[in-house]
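To keep things clear, I will list the structure first and then write my remarks on it.
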Amino acid sequence: MRYQIQVNTKWCKACGICVEFCPKAVLAQGDDGKVQVKNPEACIGCQLCELRCPDFAIEVGGVEK
Amino acid sequence: MATATMNYLRQHKLPHIWCPGCGDGIMVGALLRAIDKLGWSKDETVVVTGIGCSARSNAIIDFNTFQTTHGRALGFATGLKLARPELNVVVITGDGDGAGIGGNHLIHTARRNIDITTILVNNSIYGMTGGQYSPLTPAGAKATTAPFGRVEPNFDVCELVKGAGASFVARSTVFHVRQLEEMISQALTHKGFSFVEVIAQCPTGFGRRNKMRSPAEMMKWQRDHAVSAEAASKLPPEKLEGKFLTGVLHRSDRSEYTEMYQQVIAEASKRGGEQ
Ligand SMILES: Cc1ncc(C[n+]2csc(CCOP(=O)(O)OP(=O)(O)O)c2C)c(N)n1
Ligand code: SF4
Ligand code: SF4
Ligand code: SF4
């Protein structure tokens with residue numbers, strides 16, 4: 001996997017922002033509303049989920065600086 | 001990148017107190033990344049806030065933090081900057097805190113052009129106290145204090161501070177998070193009073209009452225109503241109706257207050273020496 005998406009479920013508040021704006025439908029909300037990585041192969045490493053998460057709960061690894 | 005943000009957060013204070021989807025956390029992330037790229041240390045940076053949800057940023061940001069009284073952050077920040085001009089002083093305020101109860105401080109701090117960066121999170125409402133309208137709530141919008149819609153027009157707070165003398169004025173949104181970081185970064189490095197208005201969502205106090213049911217829906221509103229100042233200059237006025245401008249809106253070169261004040265100190269010391 002090129003990019004490693006890590007979710008901190010302790011901090012995630014299930015707001016849905018990262019899911020709504022992911023350009024590749026990588027993320028989805030589980031039964032509890034918290035984010036789950038459904039389709040990691042499709043991730044393009046744009047980091048928009050990380051940058052727009054109000055709770056510092058999602059991080060995308062493997063992105064070149 | 002995330003590691004950089006983490007280094008500047010009081011992680012034992014997380015999860016923070018803000019509601020799910022609140023724009024405040026996105027603004028904090030952009031601010032922390034901008035500061036990290038500038039390499040500012042925790043010790044040489046002070047974040048001053050007043051009262052409100054946005055003011056609670058100070059609970060999680062790991063700089064020297066100073067939470068003051070409602071609307072008065074800029075007064076405290078001015079005293080701090082005059083006493084310790086070498087510090088980087090950043091104020092985070094809300095639309096009620098900064099443009100309502102603190103509006104007078106805002107215009108006079110802009111007039112002095114003191115080297116303070118002010119980030120005003122405009123979520124169109126008093127979030128903390130449950131949804132009363134502020135001077136930046138748009139006409140027609142609903143609030144607990146305007147159940148039939150807000151009657152009078154709002155300020156354009158960027159025009160207000162520009163008119164009052166701010167030497168750097170910019171606007172962005174939490175949807176446009178990369179542009180937001182860039183605007184904050186430019187504001188931080190500008191010498192003089194610099195001001196960034198951040199259009200953000202308060203899903204709890206504003207969205208629910210104004211037919212925007214989710215935080216993402218509110219961010220789509222930001223996406224659809226923002227026009228960059230650059231693009232706007234090429235558009236006919238009818239295309240700009242109901243839209244707001246983003247990007248750097250004003251920049252000017254004026255004398256900075258603490259530097260001017262140094263001359264007063266030098267003059268007074270000289271005269272003191274003569275006696
Ligand atoms: C002197 C004083 N008056 C009123 C209040 C009550 N009060 C607390 S927060 C607030 C409004 C904050 O609104 P805003 O600045 O828009 O911040 P937000 O909560 O939306 O981030 C008010 C009126 C107070 N704490 N102190
Ligand atoms: S980095 Fe971009 S593509 Fe990957 S999950 Fe996040 S938003 Fe989606
Ligand atoms: S944006 Fe953050 S808090 Fe919201 S659902 Fe995604 S990970 Fe959770
Ligand atoms: S009331 Fe509004 S501004 Fe305050 S934390 Fe909740 S969403 Fe954010």
Side-chain angles (χ1 to χ4, degrees), chain A, chain B residues 1-34 36-37 53-54 57 60-61 121 123 172-182 200-204 207 213-220 222-223:
Chain A
M1 211 83 63
R2 178 122 187 248
Y3 304 106
Q4 303 82 46
I5 304 161
Q6 281 176 34
V7 178
N8 181 341
T9 45
K10 283 203 199 100
W11 293 354
C12 172
K13 289 188 191 144
C15 72
I17 291 173
C18 60
V19 176
E20 185 68 36
F21 295 115
C22 170
K24 295 289 170 190
V26 172
L27 309 167
Q29 284 177 274
D31 290 340
D32 57 358
K34 297 200 180 197
V35 70
Q36 292 175 354
V37 185
K38 280 280 186 234
N39 190 10
E41 293 82 14
C43 177
I44 53 168
C46 68
Q47 284 181 305
L48 285 170
C49 52
E50 179 180 323
L51 301 180
R52 291 204 185 108
C53 172
D55 286 88
F56 313 98
I58 186 162
E59 191 178 334
V60 186
V63 180
E64 275 172 41
K65 298 260 156 73
Chain B
M1 188 183 279
T3 335
T5 317
M6 287 303 147
N7 288 342
Y8 287 116
L9 284 170
R10 294 173 183 153
Q11 288 182 46
H12 62 283
K13 296 282 191 184
L14 295 173
H16 52 55
I17 59 158
W18 292 318
C19 307
C22 174
D24 287 338
I26 309 178
M27 173 278 297
V28 165
L31 171 67
L32 298 183
R33 288 189 299 276
D36 179 64
K37 285 180 191 157
C53 294
S54 56
S57 304
I60 58 167
I61 296 178
V121 184
N123 59 14
S172 190
T173 82
V174 294
F175 174 83
H176 300 89
V177 62
R178 287 202 162 96
Q179 179 201 42
L180 174 61
E181 183 188 322
E182 174 58 25
Q201 68 276 8
C202 168
T204 308
R213 306 222 166 269
S214 73
E217 210 177 309
M218 299 183 81
M219 290 174 77
K220 285 180 188 166
Q222 296 162 20
R223 178 191 67 194

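Side chains are part of it too, since the values below use all heavy atoms of this structure and drop only hydrogens, waters and symmetry mates. In what follows, chains carry the letters A, B, and so on, assigned in the order in which the sequence lines appear, proteins first and then strands, with residues in each chain numbered from 1.
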Legend entry - With sequence neighbours excluded, residues passing salt bridge (Lys or Arg N to Asp or Glu O under 4.0 Å) with A:E59: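 Not a single residue meets the salt bridge (Lys or Arg N to Asp or Glu O under 4.0 Å) criterion with A:E59.
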Inset, instruction - For a side chain to side chain contact (heavy atoms under 4.5 Å, CB included) with A:L51, tell me which candidate from B:L180, B:V177, B:V174 qualifies. - result: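 Among B:L180, B:V177, B:V174, the one meeting side chain to side chain contact (heavy atoms under 4.5 Å, CB included) with A:L51 is B:V177.
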Legend entry - Audit row: A:E20, B:M219, side chain to side chain contact (heavy atoms under 4.5 Å, CB included) steps and yes/no: CA-CA 10 Å; A:E20 185 68 36; B:M219 290 174 77; over 6 Å; no
Inset, instruction - State whether the number of non-hydrogen atoms from other residues, nucleotides or ligands found under 6.0 Å of B:R10 atom CZ is greater than 12. - result: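 Correct, the count exceeds 12.
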Legend entry - Backbone of B:C22 reached by a side-chain donor or acceptor of A:K13 within 3.5 Å: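 Flag not set: sc A:K13 to bb B:C22 has no pair under 3.5 Å.
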Inset, instruction - Pull out the residues in residues 21-38 of chain A that come under 4.5 Å of chain B, heavy atom to heavy atom, sorted by number. - result: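 A:F21, listed by number.
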Legend entry - A:I17 versus B:A216, closest heavy-atom pair with distance: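 Result for this residue pair: CG1-N, 4.3 Å.
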Legend entry - Contact summary for A:C15 and B:G21, nearest pair of heavy atoms: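 Residues A:C15 and B:G21, closest heavy atoms: CB-N, 3.3 Å.
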Legend entry - Side-chain touch A:W11/B:H16, heavy atoms, less than 4.5 angstrom: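 Answer no - side chains too far apart.
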Legend entry - Proximity breakdown for B:Q201 and chain A, heavy-atom pairs closer than 4.5 Å: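 Just its side chain gets close to chain A.
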Inset, instruction - Any chance you could measure B:L9, atom CG, to A:F56, atom CZ, to the nearest 0.5 Å? - result: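 With rounding to 0.5 Å, CG (B:L9) is 5.0 Å from CZ (A:F56).
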Inset, instruction - Before giving the answer on side chain to side chain contact (heavy atoms under 4.5 Å, CB included), spell out for B:R178 and A:L48 the whole-Å C-alpha distance, their side-chain angles and the decisive distance to 0.1 Å. - result: CA-CA 9 Å; B:R178 287 202 162 96; A:L48 285 170; 3.6 Å; yes
